[in-house]
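Contents: one structure, followed by commentary.
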Amino acid sequence: METQEKEVKGSVQSAENPGLTAPADWQPVIIGILCNWCSYAGSDLTGTSRIQYPPNIRIIRVPCSSRVDPWFIIKSLQATADGVLISGCHPGDCHYIAGNYYARRRFLVIKNLLNFVGYHENRVQFSWVSAAEGAKFAQVVAKVTDDIKKLGPLHRYKKENF
Amino acid sequence: MARVGVFVCFCGANIADFVDVPAVVEEVKKIREVKYAVYYKYMCSDPGQQIIKDAIAQYRLTSVVVAACSPRMHEKTFRRAVSEAGLNPYLLEIANIREHSSWVHQKNKKAATEKAGDLIRMAVAKSIANEQLHEISVPVTKRALVIGGGIAGIQAALDIADAHIPVVLVERSPSIGGRMAQLDETFPTLDCSQCILTPKMVDVASHPYIELIPYSEVIGLEGYVGNYKAKIKKKASYVNFSLCTGCGACTQKCPVKVPNEFNMGIDKRKAIYTPFPQAVPNKPVIDAEHCNMLLKGKCGICSKVCEKGAIDYTMKDEVIEREIGAVVVATGYDLWDPKPYEEYGVGRFKDVITSLEFERMVSASGPTGGLPIRPSDGKVPKTVVFIKCIGSRDEAKGIEYCSKICCMYTAKHAILLHHKVHDSRAYVFYMDVRAAGKGYEEFVKRAQVETGTTYLRGRVSKIYKMGDKLMVRGEDAQLGQVVEIEADMVVLATAIIPYKTNPALARLLGISYDKYGYLSEAHPKLRPVETAKAGIFLAGCTQAPKDIPDTVAQASACAAKVCGIFSGDALKKDPMISVVNPDYCSGCQNCVQVCPYQAITTEEIPITRGSKETRTVAKINEGVCQGCGSCAAVCRSMAISLKGFTDSQIINEIVSI
Amino acid sequence: MTKLTYFPGCSAHGTSEEFDHTLKLVMKTLNVELEEIPDWNCCGATSAHVMTENLALSLPLRNLVLAEKLENNTMGIACASCYSRMKSTKKYMDEHPDKAKELTSSVIDEGEYTGKVEIKSMLQFCYEEVGVEKIKSLVKKSLSGLKVACYYGCLLTRPKGVTQFDSPEYPMSMDRIMEALGATAVDFDYKTECCGASFSISRTEVVHLLTGKILEMAKEAGADLIVVACPLCQSNLDMRQPDIEKHLGKKIGIPVMYFTQLMALAFGYPEKELKLSKHIVPVEEALSNIGKVVETPQQPTKTKKAVPSAESEAK
């Protein structure tokens, strides 16, 4: 990504590493992992409704939020992503009966772990977006993008730092 | 080395106006594995698809990426195109650059273009890890199980059997017919319920493709769509049906009298009984809870009078098995017990009765010969108050939902009362009149105009006794006044609730149910007949309150679904399901716990080839797995992968950005 | 000797003195020591909760805080209105501990609220804690021959979510106690109808209408007297009766007694201890029925319905 600046000057300050800053025009990379039946369909509806949102998110489709292995999140943060958004069906609406409940529990654990090793809690976020909530998907993306922008570029545990 | 072809769509102006497509194509061409990249105005059009087919042949492509609209839109179209060119259809990936880029970043062409490039790069990376997949073929046992012999079960069974598919119809009571058999006349046409139902019951009994198993319950179901095995418990009837001629001598002579549940306890039946004269099968059963012979070992009269020797007091419950391919659940409804309405004197005043009790009274074949009478003194009531929404739409005492049929049957009862007792007067207390249906509003009008029934909008606050009259005090909300009616009888339109064994049955079948106990459909609008478990369907009030026409429609819909499953010799199934690599599996069984479909079991395999010692590994049932991927995510040793969404495919996407 | 925290309420020291007095006699026989809350205040009654929420909550809350200082687990309340206000407040405070903290730190000086004291009406105490069997065993003079209509009023069993006692629409606890004393409790459909309560003062004609109906129905049900457990019900039914008779244009003449008066009588206290002179409608004639043979014994209320519901279909 061209937008991934690593220079230690400019105006965006990293939340985890207050010493590090990025240029003011820095744009974060966010990976969104969406379940096929609700959130991916919701994001399609955002498009069909022409609701605009920040262009930083890159969407990966999975059948169910329960398919999201914590590894995917860690790998994303380790690779290019400055933040990750996982989105599934509303509780009770899972296409696979109860998959999103498993995802929710697993996500609580991974979130604790990430906080423990020093990631800010807003780096990885979780949401419920149904297939009918095109506008909500745009809001969620805008909020996540805004949160990540405030946090600044992610340097911690990036592969190239090892 | 992978050879990927990328096909970028303009989608007319939809994509091209906001994404610099030629620039994206140039960018994509730089990817090592991309051997061919091109753009076209409409990739989904025939010429567009031809471009893909030609390129596959010309460039010996190993996978194809189409950058266009959402895969939810045209994935199937492009898979077919790829397949026609001789490539496995699952080697296709779609980059969603319309819904996810051009349409949502219309003010920032640079960013949209950059994002489109990334999305294609991700799709290319994923496609490299794609594998050839083949549709799964599952053999089918062409026999259906219908649980419940009410009108829903009867209709479903007849429709399926008429398509020459064998049906096993299991009914818990001694006769089929269900609630509809208890009804007198039916709204809005006032057809006699028995007259239209009995021929169908007889059809069931004589149909060559229907095996009727009465007085039985389903106690187990294993397997998956097309390949279920059902366990059915035949309750001991103590009567050998093959010997019994249904002469009825035993029933006549039996000395034990028990409240007759078919007539809502208004009269008595015997301990050996057929539920009603038109019962199918018309063979008696012995009620073991009341039979003197079975309880105390004394009596035996029925055995003495039976010329055929059909009575067998030693009979035991029997469990039989049937292999089937699909299930229709039609367990029907029950009536809500109005006991919490203490202010109406429920349980204290004999002349406050429920609607089904009234129904039995006005039935020509009922216990009172078709005339409503007061249970307290046997007099014919002249003034009858009907109160609607007893339990329905009542969060405090009953349930929140509307029972749907009460408005109509109360109108019917008002009309029937007038038919039976010409000088009677009916009052109906209502909250709303919900008469949506063909001929329904007209029917309510008929009750109001023809029979002069007074409809009072408001709730009854109290019923008390004055001499032998029931004083019904309520509010007429339209007049804003309290009214008091001196009534001879009060009929409560009690709510309908799901049959009480529904939750247990749902657990046994592996389907879900709601907080009231109604079985849950797969989708409230678009899949109202299916359950979340493939091959199990719902008909009638087991899913939600409904009237006879709706029930029959849903039952026929079930039959169509069942026939659909049985239309081929094997079921075709999406191959995107989980597989276990037993070499990696440690047998921890995490996957077994998280599978929402119980599709994962374990099996023992030799530790090494030819070894006698074994170890436990997970085993996925292809027929049951729906491909959610929960198991793949919890697998610590990465032994499970979800085809089409493997770890390497997704990681490839992540690292390609 | 068990101890019970006692909240008499304002009426007990005024219009319902006979209730307070006989309650104490009954409790003596039942071996229960009543420990009156020192320095208790008015519960706020109807007036407070139609005006301000904070006042309506603070007044009972102060009593609750004071009650916690006595080391008993249960508080018995004589008056139905006090009972309703205190129990509603307790429920509210238990669900909103922040509100309790806010009030105890601002307007109440007597300390913190913890919610450890359980609240029961005296009727509830007699029925649940003492029990019908024990009451029966202590009867020295059976009240057989006496036909009573038990009147509960609005507040003793309602709202169900607050009181958690007996049936809200057709309670039977007082009836059971009366039966234990030997009396016959008649079927009385008006046992939970409103008597008009405090409209007695502001709009008397409403009370004439409502209480009149209750009195008529009790008479219709064949009762010699009405038994109550609420001071305001008693005063409306008894004190307003001459006016109501004038209003209806007919004689009713049905006396209204507290359940404790009848308990005291059955426990062997002499009639003069019942303070019968406090009654407007004379009681003596009704009480003279005690010991007479009842010609048509009232059938015990059938709880089982003659016509079973759809449940039996299950078989």
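Reminder, nothing fancy here: chain letters follow the sequence lines and each chain counts from 1.
Shown are A/Asn115, A/Leu114, A/Asp147; of these, the side chain to side chain contact (heavy atoms under 4.5 Å, CB included) with A/Glu121 is made only by A/Asn115.
A side-chain donor from one of B/Trp103 and B/Asn14 sits under 3.5 Å from a side-chain acceptor of the other.
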Q) Yes or no on salt bridge (charged side-chain N to carboxylate O under 4.0 Å, His left out) for B/Lys115 and B/Asp118, after CA distance, side-chain angles and deciding distance? A) CA-CA 5 Å; B/Lys115 183 171 177 179; B/Asp118 274 354; over 6 Å; no

Q. Do B/Glu114 and B/Lys109 pass the salt bridge (charged side-chain N to carboxylate O under 4.0 Å, His left out) test, and can you show the C-alpha distance, the side-chain angles, and the key distance before you say yes or no?
A. CA-CA 8 Å; B/Glu114 202 176 281; B/Lys109 193 165 181 175; over 6 Å; no

Q: Could you give me the CA-CA distance, side-chain angles and deciding distance for B/Asn96 and A/Tyr40, then say whether side chain to side chain donor-acceptor pair (under 3.5 Å) is met?
A: CA-CA 11 Å; B/Asn96 182 357; A/Tyr40 195 92; 3.2 Å; yes

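You'll find the side chain of B/Glu93 stays beyond 4.5 Å of the side chain of B/Ser63, heavy atoms only. Looking at A/Arg123 and A/Asp82, their side chains come closer than 4.5 Å, going by heavy atoms from C-beta outward.
Counting heavy-atom pairs closer than 4.5 Å to chain A, the top-ranked of the candidates B/Val655, B/Asn108, B/Ile651, B/Val634 is B/Ile651. Among B/Glu653, B/Gln626, B/Arg72, the residue making the largest number of heavy-atom pairs under 4.5 Å with chain A is B/Arg72. Considering only heavy-atom pairs separated by less than 4.5 Å from chain A, the leading option among B/Met576, B/Gln649, B/Met638 is B/Met638. In terms of heavy-atom pairs under 4.5 angstrom with chain A, the leader among B/Gln106, B/Arg98, B/His105 is B/His105. Ranking A/Val62, A/Val141, A/Asp69, A/Asp44 against chain B, the residue ahead of the rest is A/Asp44, based on heavy-atom pairs under 4.5 Å. Looking only at heavy-atom pairs under 4.5 Å with chain A, the residue among B/Glu75, B/His523, B/Lys533, B/Met73 that has the most is B/Glu75.
Only the backbone of A/Val68 comes within less than 4.5 Å of a heavy atom in chain B; its side chain stays farther off. Interface residue A/Arg61: backbone and side-chain heavy atoms are both found under 4.5 Å from chain B. Looking at A/Tyr102, the atoms closer than 4.5 Å to chain B (heavy atoms on both sides) all sit in the side chain, from C-beta outward. In this structure, chain A has a heavy atom under 4.5 Å from the side chain of B/Ala532, while its backbone stays farther away. Both the backbone and the side chain of A/Ala41 have a heavy atom closer than 4.5 Å to some heavy atom of chain B. At a 4.5 Å heavy-atom cutoff, the contact between A/Ile60 and chain B is made by backbone and side-chain atoms alike. No part of A/Asn56 comes within reach of chain B, as not one of its non-hydrogen atoms sits under 4.5 angstrom from that chain. Proximity to chain A is absent for every atom of B/Ser512, based on heavy atoms less than 4.5 angstrom apart. Proximity to chain B is absent for every atom of A/Leu45, based on heavy atoms less than 4.5 angstrom apart.
For the pair B/Asp574 and B/Lys643, the salt-bridge criterion is not met [side-chain N within less than 4.0 Å of a carboxylate O].
Of all heavy-atom pairs spanning B/Ile15 and B/Cys9, the tightest one is CD1-O, 3.4 Å.
B/Thr113 places a side-chain N or O within 3.5 Å of a backbone atom of B/Asp20 that can act as its donor or acceptor partner.
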